[in-house]
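Only one structure is covered here, and it is reproduced in the block below.
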There are 2 protein chains.
Amino acid sequence: MAGETRKKVTLKDVSKASGLSLITVSRALRQPQTVHADTRAKIQKTIDELGYIPNLAARSLVSQRSDMIGVVVPILASSLFADFAEGVSKALEPQGQRVLLAVSNWQPEKEEEAIRTFIARQADAIILTGFSHTDAARRLLDRYDGPVVEAWNTRDNVIDSAVGFDNHAAAADMTRYLIDKGYRDIVMVGGSSVNNDQAADRTQGVIDAMTAAGREVGPETIVEFDNPATIESGGPLIRSLLARDRKPDAVFFLAELPAQGAMLWCLSNGVRVPRDVAIAGFGDLSLSALLPVPMTTVQIRGREIGEAAAAQTLQRLQGAPADRTVKDVGFQLQIRSST
Amino acid sequence: MAGETRKKVTLKDVSKASGLSLITVSRALRQPQTVHADTRAKIQKTIDELGYIPNLAARSLVSQRSDMIGVVVPILASSLFADFAEGVSKALEPQGQRVLLAVSNWQPEKEEEAIRTFIARQADAIILTGFSHTDAARRLLDRYDGPVVEAWNTRDNVIDSAVGFDNHAAAADMTRYLIDKGYRDIVMVGGSSVNNDQAADRTQGVIDAMTAAGREVGPETIVEFDNPATIESGGPLIRSLLARDRKPDAVFFLAELPAQGAMLWCLSNGVRVPRDVAIAGFGDLSLSALLPVPMTTVQIRGREIGEAAAAQTLQRLQGAPADRTVKDVGFQLQIRSST
DNA sequence: ATCTCGATGATATACGTGTATCATTCGATA
DNA sequence: TATCGAATGATACACGTATATCATCGAGAT
């Protein structure tokens, strides 16, 4: 920032400096084929000399688009959502779209507020994480006439379209695997399902798989940790579980960081995994495969979800019809030696 | 997105629906104290009924501000920069500012492009990571009349202001610690310094500390890994170092993920840390303290840098003078048992 | 009865870009 | 020479909001 306030260079300035009319300069930029190559070159030259940068706010006003796409993530730090956001950003950027970012901290009210400002800023599309929205947010999105993509889960009641994986199936698959593997006392450790469809679906997936196998599901079976799920929380959690009269022989963490924390606690405290207790995670952060006891987990490709969400958005912006697509990018059980 | 295209509700619509003049409605929103409480309530009621959302692009055109702040990070996935970005976003949001995000992939040309679009979109301020910019980017920023904050390092040739920590000192401190601790054959593993002032300063910090202590610094002492630094790269790196005729007794990784990878490889391959080889990292991701052999590293608080960068930006936007502030948020050696 | 003030309105202009309409110029072609 | 098309220009208006200026009107104070 220089000391004095500089006047901004506008199209009119370029027109004056180049001796050409405003309309010709505008045409040179918007419909280049209609103006002579020599003229275009001359205009480009003055643009470079003056350092003209078009005011996209003004353009947005008349073109009714902003080349910005609003993205809401619940959290960014130490999570797969960073991969997701990077995937979105990198896929959008070559198309001249920029990401307007908001971190909702898992609070639907913050998401609503973000949506409101995205709309106010004329965002061309909105990408959300999850299906948990306030009523007001739903109304806003209903009236909004741009693509809306809900990411990180697959469900039926889509607002517009969705990209993600089946959280319920992923949790259920892993649970069935643990049951088939012969574990008797499986405990699930998950996050709060309040305002979190992913947590809710995962939890329900576990419950459904358990009951389908004739297993009891009681308060002892389901333990809740606080969001955000940290690696630090894993140690105390597994410790308290192992201190129970009836020790679990397998613990399924519905998030990766606490699972890693639990694993590291076991390593440091002489608890043998999976002999003393089996541990399974959810997320497959890169560390998990490299642990001394590589961890069984559900692989999720956050970056891929981001890229797919961006791709779907761009297709819609290029005219693809609103057909309530729900794209399932899938997940994959990574069976390793911790179970 | 609904089927039909909906007409947007404008101030004029609110004016018509409420029976009040355009100017009064505008005043009710911009200078509430000048209009009667009853009238304000009436206006608010119609705003709610119509679902009016002001067009910030139009407002931006006349107010010459956008309430958006451009942020460039080199990478987001699995890195401290996610903490940084989250810190920035959360600190800006209560002030009604939104983050325009760009991921540069460590490429100055991408940063330049991002800066250009930030300016075009009338961003009120720009927050960058690092001091490595293209010449064109420098010219753009010189002409730009909003605050510019360069984050993640401290240097003298600041464009406008900076927030970060002294990468050179951090690397030098750790190196001195290793030397004082008695390690004879210290090898440094760092990222490419090309277009990366942080990597360059850290590397130089190691070199300076080594030569100050009378140690030889040769090609054997300095090993380079590819960016982005991954946890997977750590294993092969330490393996090749330990296969040398002259094995290092300490390895200082200038990034945290490869250090963690190296540590895990040692754990899995019977290499005792620090007895066979000491390992130090740089970054202090939460995992490092929880490893079976807790890792010595340099603690960096990415989130704090983000918050400080945002705070500095906001102060400037609220009128604080451009005094080329360089805020040092510091770092901290975390001496643990891996050295 | 005059004056002041609070509240509201009418009108105009500005912000920077895009575009529709119509006009002009010039060189090439029939 | 008449015609046509390509290239450029002049003018006007639109996008949605903000605000400056001046006007109006009624209630209360002097």
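Each chain gets a letter, A, B and so on, in the order the sequences are listed, and its residues count up from 1.
Listed here is the closest heavy atom pair of B/Asp197 and B/Asn153: OD2-ND2, 2.9 Å.
One finds no side-chain N or O of B/Thr24 lying less than 4.0 angstrom from the OP1 or OP2 phosphate oxygen of C/dT8.
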Discussion item. Apply side chain to side chain contact (heavy atoms under 4.5 Å, CB included) to residues A/Leu128 and A/Leu141 and explain how you reach the verdict.
Written reply: CA-CA 11 Å; A/Leu128 306 171; A/Leu141 293 171; 3.7 Å; yes
Worksheet entry | Worked verdict on B/Glu109 versus B/Glu111 for side chain to side chain contact (heavy atoms under 4.5 Å, CB included) | CA-CA 5 Å; B/Glu109 307 76 35; B/Glu111 185 196 65; over 6 Å; no
Discussion item. Go through it in stages, so that I can follow the logic: the residues are A/Arg98 and B/Thr117, the test is side-chain hydrogen bond (donor to acceptor under 3.5 Å, both in side chains), and I'd like the CA-CA distance, side-chain angles, deciding distance and then a yes or no.
Written reply: CA-CA 8 Å; A/Arg98 283 279 161 219; B/Thr117 71; 2.9 Å; yes
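The stretch residues 55-67 of chain B touches DNA chain D through B/Asn55, B/Ala58, B/Arg59, B/Val62, each having a heavy atom under 4.0 angstrom from the strand. Of all the residues in residues 28-38 of chain B, B/Arg30, B/Gln31 reach under 4.0 Å from DNA chain D with at least one non-hydrogen atom. Only B/Tyr52, listed by number, bring a heavy atom of residues 41-53 of chain B to less than 4.0 angstrom from any atom of DNA chain D.
Side-chain contact between A/Lys110 and A/Glu113 is absent, with no heavy-atom pair separated by less than 4.5 Å. At a threshold of 4.5 Å between non-hydrogen side-chain atoms, the residues A/Val163 and A/Val329 count as touching. Side-chain contact between B/Ile69 and B/Ile127 is present, with heavy atoms from C-beta onward closer than 4.5 Å.
Contacts between chain A and DNA chain D, taken as any atom within less than 4.0 angstrom of a protein heavy atom, begin and end at D/dA7 to D/dG16.
Residue contacts for B/Leu22: at a heavy-atom cut-off of 4.0 Å it reaches no nucleic acid atom on any strand shown. Within the 4.0 angstrom heavy-atom criterion, base atoms lie near B/Ser26.
Residues satisfying the side-chain hydrogen bond (donor to acceptor under 3.5 Å, both in side chains) criterion with A/Ser161, sequence neighbours excluded, are A/Gln312. With sequence neighbours left out, the salt bridge (Lys or Arg N to Asp or Glu O under 4.0 Å) criterion links A/Glu86 to A/Lys90, A/Arg303. By the ring-ring contact (aromatic ring centres under 6.0 Å, His included) test, B/Phe84 pairs with B/Trp152, sequence neighbours left out. Qualifying side-chain hydrogen bond (donor to acceptor under 3.5 Å, both in side chains) partners for B/Asp38, counting only residues two or more places apart in sequence or in other chains: none. Among residues two or more places apart in sequence or in another chain, the side-chain hydrogen bond (donor to acceptor under 3.5 Å, both in side chains) test is passed with B/Asn55 by A/Gln122.
Applying the salt bridge (Lys or Arg N to Asp or Glu O under 4.0 Å) rule to pairs touching residues 41-59 of chain A yields A/Lys45-A/Glu49, sequence neighbours excluded. Sorted by first and then second residue, the salt bridge (Lys or Arg N to Asp or Glu O under 4.0 Å) pairs involving residues 125-135 of chain B (not counting sequence neighbours) form an empty list.
Rounded to whole angstrom, the span from the NZ atom of A/Lys8 across to the C1' atom of C/dT17 amounts to 14 Å.
Salt-bridge formation is detected for the pair B/Arg316/B/Asp160: a Lys NZ or Arg NE/NH1/NH2 atom is positioned less than 4.0 Å from an Asp or Glu carboxylate oxygen.
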Every protein N/O within reach of nucleotides 21-28 of chain C N/O, cut-off under 3.5 Å:
none

